[in-house]
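Each chain gets a letter, A, B and so on, in the order its sequence line appears, and its residues count up from 1.
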There are 4 protein chains.
Amino acid sequence: MTGAMASQETTDREWGKTRSDKRARILDAAITVFARSGYHGARVSDIAREAGIAYGLVYHYFRNKEEILASAFEERWGDFLAVVDAIAQGGQPARQKLVSVAALILNADRVRPDWVKVLVLEIQRSSRFAAPEQIRAVGRLFEQVARIVREGQEAGDLRPDVDPNVACFVFVGALDLVITSLVLGLTVIEGGDAQQRAYHDRAAAAVVDVFLRGMEPRA
Amino acid sequence: MTGAMASQETTDREWGKTRSDKRARILDAAITVFARSGYHGARVSDIAREAGIAYGLVYHYFRNKEEILASAFEERWGDFLAVVDAIAQGGQPARQKLVSVAALILNADRVRPDWVKVLVLEIQRSSRFAAPEQIRAVGRLFEQVARIVREGQEAGDLRPDVDPNVACFVFVGALDLVITSLVLGLTVIEGGDAQQRAYHDRAAAAVVDVFLRGMEPRA
Amino acid sequence: MTGAMASQETTDREWGKTRSDKRARILDAAITVFARSGYHGARVSDIAREAGIAYGLVYHYFRNKEEILASAFEERWGDFLAVVDAIAQGGQPARQKLVSVAALILNADRVRPDWVKVLVLEIQRSSRFAAPEQIRAVGRLFEQVARIVREGQEAGDLRPDVDPNVACFVFVGALDLVITSLVLGLTVIEGGDAQQRAYHDRAAAAVVDVFLRGMEPRA
Amino acid sequence: MTGAMASQETTDREWGKTRSDKRARILDAAITVFARSGYHGARVSDIAREAGIAYGLVYHYFRNKEEILASAFEERWGDFLAVVDAIAQGGQPARQKLVSVAALILNADRVRPDWVKVLVLEIQRSSRFAAPEQIRAVGRLFEQVARIVREGQEAGDLRPDVDPNVACFVFVGALDLVITSLVLGLTVIEGGDAQQRAYHDRAAAAVVDVFLRGMEPRA
DNA sequence: CATGAATGAGAATTCATTCAT
DNA sequence: GATGAATGAATTCTCATTCAT
């Protein structure tokens with residue numbers, strides 16, 4: 001989600017637009033349009049217009065509409081996963097890692113709501129027909145979180161009697177639904193960016209807190 | 001999800017098909033087809049063929065394709081919500097209510113995976129364009145769960161320092177992702193029905209347990 | 001080319017248009033348009049307009065454009081072959097059979113130039129990509145003519161020292177080129193229908209004559 | 001078909017590719033691709049790739065796709081016609097000339113099946129829309145053959161009572177169909193090059209023989 | 001000359017919805 | 001109620017041709 005978006009074959013001449021530049025513009029435009037209209041509601045012509053390029057050029061860079069979504073997913077999700085990987089491999093205690101992941105996910109929604117919308121809502125749609133790679137890519141997120149859990153269990157920071165995968169689903173599912181409720185407008189945050197940030201931070205903290213300490217009062 | 005499927009105007013004459021019978025067949029067929037191909041991928045003709053009726057007859061019972069999905073959602077989801085309502089209004093302690101809700105959701109997936117698939121995956125899709133009633137309907141589930149949480153807090157069974165809505169998102173989100181991982185095939189359960197039931201029961205128990213007692217080891 | 005065009009599933013109700021009626025109209029329109037513009041130059045919308053029906057109805061009866069051509073070929077060519085079969089199986093001497101075949105082919109061009117144009121010019125086009133059935137269908141014409149030759153040889157009416165297949169190619173090829181030269185406008189016949197008919201008859205007679213007696217003067 | 005391929009403005013500098021060299025490569029590539037995919041099925045990019053040159057360069061040498069076909073036709077057909085001209089103007093008897101023409105045509109198919117395929121099948125296609133020059137060019141072949149016939153008639157070698165044009169159609173049509181049956185795979189010759197050559201030679205001889213002496217047994 | 005990115009008109013095909021029987 | 005033929009707007013994808021570098 002952060003991280004340099006690796007440009008595939010940029011020659012990076014100083015005078016201007018390169019191959020991958022247009023490609024990236026198409027991808028950005030596509031995410032915007034997908035987020036606005038949904039995958040099936042998005043017309044290729046919309047994407048072209050949003051990108052400010054000619055219609056047919058889209059097909060110069062992508063075989064078809066499906067490949068646009070797949071590429072967008074692959075690259076953005078790749079960036080996102082890289083950050084999760086970095087967090088998972090860090091030396092911090094499990095609790096801190098989980099806070100970081102939660103903050104990453106929830107903040108991503110604040111900074112790039114389009115991307116999150118598409119990653120969260122649109123991918124499932126196509127993935128059931130198409131690429132199992134995409135499903136596997138989603139699976140990689142779970143693996144990283146499950147790994148954080150497992151290492152936390154081994155370090156004695158987390159209960160060892162819960163399947164790491166189930167724990168992972170609880171954690172990610174909780175975050176996912178918090179986001180979805182925001183995306184779908186079930187939760188409405190009034191106020192400006194500051195208020196939104198505050199809500200996200202509080203939500204992240206609360207999710208981690210419930211996940212770690214549970215809802216039952218401690219003696 | 002359980003409960004009688006409310007037939008609107010069944011006359012139940014002994015000699016054969018009645019209005020609501022055909023209507024129900026269309027709805028069942030639609031869910032099957034939506035689950036198989038997704039809402040946009042499903043053709044009205046597919047639904048008609050699956051229901052074993054003539055093409056145009058669908059339009060006697062439903063104004064359009066969207067209404068088919070809406071009706072399927074409304075009726076099936078209504079059945080489901082009725083059960084959740086009953087659980088929420090019962091006199092049991094919060095923990096027991098949550099176990100019941102978790103078991104209800106996870107078992108629904110085992111008994112009627114098609115329905116769950118559609119409810120979980122397809123509704124989000126169309127809901128952003130179409131009926132806000134559907135969103136509100138989903139919201140009613142959250143309300144019930146939040147109510148269970150709130151009453152648990154008032155009864156001293158649950159920590160009072162967590163927003164019931166956030167707690168609700170954590171709980172439902174966790175269940176949702178467990179289901180989704182099953183639906184998407186991220187989690188594969190080998191063995192027969194008994195094994196599946198066992199997995200679901202364990203998962204339900206684990207989700208509730210993590211939700212209530214947290215992942216941090218207690219002293 | 002003559003003969004009743006077998007209507008596939010006509011129910012023949014007295015009040016009007018039946019399924020196969022529309023189908024036949026599309027086929028007729030297609031042949032007209034193909035003859036005018038060529039297969040690739042013909043738009044499906046042209047065919048629909050020529051047939052006086054809605055655009056999409058074409059796709060009710062035919063899977064795609066290619067299938068229209070294939071069907072047109074199959075049915076018209078089938079009619080044509082039936083007549084050739086009848087000639088070949090008749091009890092006349094080979095010479096008479098060949099005159100009949102030549103007259104059939106050349107007259108077909110006079111009566112239904114569109115059909116001949118399409119059969120002669122357009123089929124080769126697609127046949128190289130698509131249906132080997134079409135190639136085999138053309139082959140059946142050759143088989144019938146070769147059979148006439150073979151039986152003529154066995155009856156002592158024709159020289160036995162020439163491969164019947166080669167003889168068949170000479171005969172059909174000769175007729176084909178006469179037609180093609182008419183279709184392409186290399187040969188222009190002035191005057192009305194009577195003149196055209198006269199030319200065709202003379203050409204048919206001449207082709208058979210050359211085929212049978214050769215160009216070398218007889219002692 | 002044999003003969004030097006007339007290069008328009010060859011400079012033949014020793015250091016490498018010249019204008020006409022690239023041009024010729026495009027033409028060769030085009031024929032290969034036309035033969036493989038048909039005129040309409042051939043993309044300009046296919047031709048460029050086959051020729052091993054850049055996409056847009058094709059448009060330096062040819063105004064458009066049609067002109068590529070026209071040029072290929074013109075130049076290759078021109079070479080072919082030159083040979084036919086030479087044969088027609090020779091001092092041999094008609095029979096010998098016809099044998100030469102038949103051998104020329106059939107052997108061309110053996111040596112350069114691509115060229116023949118395109119000349120035979122593709123030209124008709126475009127000729128009805130495009131250049132009447134091409135039709136006239138095809139007409140020139142007929143003229144030469146008709147001339148051979150006419151001079152044979154005048155010399156007393158051939159029957160005078162047959163229209164030279166009809167005789168010409170019989171002869172060329174026969175050859176054309178022998179070729180077409182080879183091109184379409186209706187006639188399959190097993191064995192290697194030697195067998196093919198033998199078949200062609202026999203076929204050429206047989207066609208001429210039938211054309212000259214007819215199929216009826218002589219007393 | 002050479003390159004290949006950019007353009008956009010054009011065509012096939014799909015499919016929800018209507019309607020005559 | 002039941003049927004499925006008929007409609008046509010909407011959209012994706014193709015590909016010849018142009019043009020900036």
Taking every non-hydrogen atom, the tightest pair across B/Ile47 and B/Ile68: CD1-CD1, 4.3 Å
Whole-Å distance separating the CZ atom of D/Phe62 from the C1' atom of F/dT18: 18 Å
Under 4.0 angstrom between A/His60 side-chain N/O and E/dA5 OP1 or OP2: yes
Contact summary for B/Ser37 and B/Ala42, nearest pair of heavy atoms: CB-N, 4.1 Å
Any C/Arg23 side-chain heavy atom under 4.5 Å of C/Glu75 side chain: yes
Single hit among C/Trp115, C/Phe73, C/Tyr39 for ring pair (Phe, Tyr, Trp, His ring centres under 6.0 Å) with C/Phe34: C/Tyr39
Any A/Tyr59 side-chain nitrogen or oxygen under 4.0 Å from OP1 or OP2 of F/dT14: no
Gap between atoms CD1 and C1', on C/Ile47 and E/dA12 respectively (whole Å): 11 Å
d(CD1, C/Ile26; P, E/dT13) in whole Å: 14 Å
d(CZ, C/Arg63; P, E/dA12) in whole Å: 17 Å
Nucleic acid contacts - residues 48-57 of chain B versus DNA chain F, non-hydrogen atoms under 4.0 Å: B/Ala54, B/Tyr55, B/Gly56, B/Leu57
A/Arg43 CZ - F/dT11 P separation (whole Å): 5 Å
Along DNA chain E (nearest heavy atom to each residue), the more 5'-positioned of B/Val44 and D/Val58: D/Val58
Results of side chain to side chain donor-acceptor pair (under 3.5 Å) for C/Arg43 - residues two or more places apart only: C/Asp46
Pairs flagged by side-chain hydrogen bond (donor to acceptor under 3.5 Å, both in side chains) wherever residues 50-59 of chain C is involved - sequence neighbours left out: C/Arg36-C/Glu50
B/Asp28 with B/Arg76: basic N within carboxylate O range, under 4.0 Å: yes
Distance in angstrom units between D/Ile68 CD1 and F/dA16 C1', rounded: 10 Å
Partner residues of A/Glu67 under the side chain to side chain contact (heavy atoms under 4.5 Å, CB included) criterion, sequence neighbours left out: A/Phe62, A/Arg63, A/Asn64, A/Ser71
5'-to-3' dot-bracket of DNA chain E (Watson-Crick, G-U; under 3.5 angstrom; crossing pairs as [ ]; | other strand): .||||||||||||||||||||
Separation of atom NE2 in A/His40 from atom P in E/dT14, rounded to whole Å: 15 Å
B/Lys22 side-chain N/O to B/Leu57 backbone N/O, donor-acceptor pair under 3.5 Å: no
C/Lys22 side-chain N/O to F/dA6 phosphate OP1/OP2 under 4.0 Å: yes
Atom-pair distance (CD on D/Glu67; P on F/dA16), nearest Å: 15 Å
